[in-house]
Amino acid sequence: MTQTADPHALVRIAVTTPPPMQRYHARQPRIETHDGFTLLDLGGPGASINYLTIYSEPDPEQIVAAVRAFFGNAGFAIGVESETAPAFEERLQANGWRIDEEEPSMLLRPIPDIPAAPTGLDIRHVATEAEFDDFIRITETGQRWIPSLEAARDPAVALFVGYVDGTPVATSRINVLDNVGDINGVETLPAYRRRGFGTALTWAAVAAGRARGCTAISLSASPMGYPVYLKMGFQPVCTYRTYLRR
């Protein structure tokens, strides 16, 4: 169980640990940890599956050798914890890598009491095929990441759908990684935004993490979600930038 008090180490768990649902794929993930970087193969050949995560200023020659041995000729993406590896980012950009995504990583610790959901919002923990289909439809999450209802019902996973008058309108998901819960898939249909539904679905995921023994909750925030998470008590820890080769 993770005991570190370092917030960087806690949010790093989400980007260096295979999610629980990976065990429901035929090909199991591979992971290799070095001093200052981690190599992760989630079972496929492309940059959406293979990751090199940098969280220090490691020796470039060591990285090149490790990447060649681990990924071979397969494509991969590079995630950089920007505050701790600015020199490495400069080298990436100088060598033709472009930023594909930039998101702040945030942490909630300690976990507070969970407020009540807005009136009229029915939050369901996904347990049926119909609820699973509703979740997939709203989030547009492919089966590469959530392969089946069986995977979604794993003890270390919880998916939620919020309903208004029987209509699915919002979602959230949490993966339990050690004693840190990582939240993803917070989505609200455009017609139902600004009613507190996304916040309520996020709190549902937080509650599920706490019930599963989590002592901290992490997430990566979109520009729309960032001020909402701040109001909930999440604190920014660092920025992760994902690079792809041009």
Side-chain angles (χ1 to χ4, degrees), residues 8-105 136 139-148 151-152 154 156-157 173-178 180 182-185 218-222 237-246:
H8 286 81
L10 290 173
V11 299
R12 203 173 289 155
I13 289 172
V15 295
T16 59
T17 305
M21 286 179 284
Q22 286 299 125
R23 54 177 163 255
Y24 294 88
H25 289 283
R27 181 179 169 189
Q28 294 302 294
R30 297 183 300 128
I31 185 169
E32 188 173 288
T33 301
H34 296 259
D35 185 17
F37 66 96
T38 297
L39 301 159
L40 185 60
D41 167 13
L42 294 179
S48 64
I49 303 297
N50 296 322
Y51 300 93
L52 163 63
T53 303
I54 305 290
Y55 38 89
S56 74
E57 293 285 8
D59 177 18
E61 292 186 3
Q62 180 188 7
I63 291 179
V64 169
V67 165
R68 286 176 176 169
F70 189 81
F71 292 130
N73 294 323
F76 61 94
I78 300 180
V80 183
E81 191 175 290
S82 298
E83 290 82 353
T84 57
F88 186 85
E89 278 200 281
E90 290 183 8
R91 285 192 291 268
L92 278 180
Q93 294 169 10
N95 283 278
W97 291 75
R98 62 174 176 82
I99 297 176
D100 180 64
E101 191 173 49
E102 180 176 342
E103 292 182 317
S105 289
I136 295 297
T139 62
E140 298 182 350
T141 303
Q143 287 192 312
R144 176 66 193 80
W145 302 110
I146 310 177
S148 63
D154 185 278
V157 176
R173 168 167 62 98
I174 190 166
N175 294 322
V176 176
L177 310 168
D178 207 337
V180 177
D182 184 55
I183 292 179
N184 296 276
S218 67
L219 55 75
S220 295
S222 66
V237 176
C238 60
T239 300
Y240 269 95
R241 294 193 183 105
T242 301
Y243 284 85
L244 298 176
R245 193 181 298 277
R246 289 189 189 277

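Keep in mind that what you see is a predicted model, and the values were worked out from it rather than measured.
Between A85 and I54, the shortest heavy-atom distance links the atoms CB-CG2, 3.9 Å. Residues Y51 and F71 come closest through the heavy atom pair O-CZ, 3.4 Å. Residues M21 and A151 approach most closely at CG-O, 3.4 Å, considering heavy atoms. Y55 and E81 make their closest contact through CB-OE1, 3.8 Å (heavy atoms, listed as atom of the first residue, atom of the second, distance). Taking each heavy atom of L42 and Q22 in turn, the nearest pair found is O-NE2, 2.9 Å. Closest approach of R23 to Q28, counting heavy atoms only: CA-OE1, 3.3 Å.
One distance of note links OG1 of T16 with CZ of F37; it measures 13.0 Å at 0.5 Å rounding. Here the CG atom belonging to L10 is positioned 8.0 Å from the OG atom belonging to S218, to the nearest 0.5 angstrom. In this structure, NE2 in H34 is found 12.0 Å from CG in D59, a value given to the nearest 0.5 Å. Separating the CG atom in D100 from the CZ atom in R245 is a distance of 14.0 Å, to the nearest 0.5 Å. A distance of 11.0 Å separates CD1 of I13 from OG1 of T38, quoted to the nearest 0.5 Å. Between atom OG of residue S220 and atom CD of residue E102 there is a gap of 11.5 Å, rounded to the nearest 0.5 Å.
Under the 4.5 Å side-chain criterion, counting only non-hydrogen atoms from C-beta, Y243 is not in contact with R98. The shortest side-chain heavy-atom distance between E32 and D41 does not fall under the 4.5 Å cut-off. Looking only at side-chain heavy atoms (C-beta outward), L40 and P18 come within less than 4.5 Å of each other. A heavy-atom distance below 4.5 Å is not found between the side chains of R30 and L39. C238 is listed as a side-chain neighbour of V11, based on a closest heavy-atom distance under 4.5 Å. Within the 4.5 Å cutoff, no side-chain heavy atoms of W145 are placed close to those of N184. A heavy-atom distance below 4.5 Å is found between the side chains of R173 and I146.
A donor-acceptor pair under 3.5 Å is absent between the side-chain atoms of R12 and the main chain of T53, judged by distance alone. One N or O on the side chain of E83 and one on the backbone of T239 form a donor-acceptor pair closer than 3.5 Å. With hydrogens and angles ignored, the 3.5 Å screen pairs a side-chain donor or acceptor of D154 with a backbone N or O of A156. Between the side chain of N175 and the backbone N or O of D182, no donor-acceptor pair lies under 3.5 Å.
A search for side chain to side chain contact (heavy atoms under 4.5 Å, CB included) contacts involving A87 returns E57, R91, not counting sequence neighbours. Under the side-chain hydrogen bond (donor to acceptor under 3.5 Å, both in side chains) criterion, T242 pairs with no residue at all, not counting sequence neighbours.
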